[in-house]
K.L.:
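The structure under discussion is supplied below as structure tokens; questions concerning it will follow.
Just follow the structure's listing: the first ligand is 1, and inside any ligand the first atom is 1. Just so we're clear, the structure is a prediction, and the values are computed from it rather than from any experiment. Just so you know, residue 1 is the first one in the sequence shown, and it goes up from there. Keep in mind that the numbers below use all heavy atoms, side chains included, and drop hydrogens, waters and symmetry copies.
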Amino acid sequence: MKAGFVQFEPIFGDIGLNIENVERLTEGINAELVVLPELFNSGYLFTSKEEAFSLAEEIPAGRTTGELCRIARKRNIHIVAGICERQGDKLFNSAVLVSPEGYRGVYRKMHLFNEENIWFQPGNGGFQVFDIGACRIGIMICFDWFFPEAARILALNGAHLICHSANLVLPYCQQVMATRCLENRVFAVTANRTGREVRGGNDFLFTGKSQITGPQGDILWQ
Ligand code: ACM
């Protein structure tokens, strides 16, 4: 099968533009599966709970999941994409899976990083595995890489490939994902974002360097 990622710079707060950019960047793509970064639609550095709520959407009823379903159908691809999710009065740092046939499911990030703990609840849906025809996939979001249990549970649940949506700021993850793949005999697609966000007293430089890693601990694409 062919899998890939879209590495780009989401613009904070401009959901329409971020979706438009993903649609443009996937034009002519030849793959069964494409992974997008964490919080690709909203951007990362929220400065208040109100701001995070204003950019959050229901899944699957919200705008971004609907637009991703439309793009997945048009391009004939599966997409895993990080979205700021609202469920009632709770927010989750989530990633959806959509297929050419429509919405398939959601993963809610378990291991929240730093100030994410102010905005988001830790994930409550476990580590599900989805059969997409060509293989079975699981989903992790960014800082989940730090905890070996995440990839191990997905592998034990039958995943062949881990879709890893990321907004990385630390330099260690790419090397660690090679080990996660080796110890669990899985492939992984780490889709990281680029660019810088300076908001609310934070200054985050996102490190790019997205990669596809194989079960021999080999970097297949960087
Ligand atoms: C992170 O989990 N976004 C570093």
K.L.:
Could you check whether the rings of W145 and Y172 sit parallel, tilted or perpendicular, using 30° and 60° as the cut-offs?
P.N.:
tilted
K.L.:
Of all the heavy-atom pairs spanning L91 and W119, show the shortest one and how long it is.
P.N.:
CB-O, 3.5 Å
K.L.:
Could you list who else is in L17's hydrophobic cluster, with ILVMFWY side chains joined at under 4.5 Å, directly or through other members?
P.N.:
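Besides L17, the hydrophobic cluster comprises I11, listed by chain and residue number.
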K.L.:
Show me the donor-acceptor pairs within less than 3.5 Å that the side chains of residues 213-222 make with the rest of the protein, sequence neighbours left out.
P.N.:
from : atom 1 : to   : atom 2 : distance (Å)
T213 : OG1    : Q211 : NE2    : 3.1
D218 : OD1    : Q216 : N      : 3.2

K.L.:
Pairs under 3.5 angstrom only: tabulate donor-acceptor contacts from the side chains of residues 29-36 to other protein residues two or more places apart or in another chain.
P.N.:
from : atom 1 : to : atom 2 : distance (Å)
E32  : OE1    : K2 : N      : 2.8

K.L.:
Are M1 and I77 connected in a single hydrophobic cluster, I mean Ile/Leu/Val/Met/Phe/Trp/Tyr linked by side-chain heavy atoms less than 4.5 Å apart?
P.N.:
yes
K.L.:
Near ligand 1, which protein residues have a heavy atom under 4.0 Å away?
P.N.:
E38, Y44, K109, F113, E116, C142, F143, N167
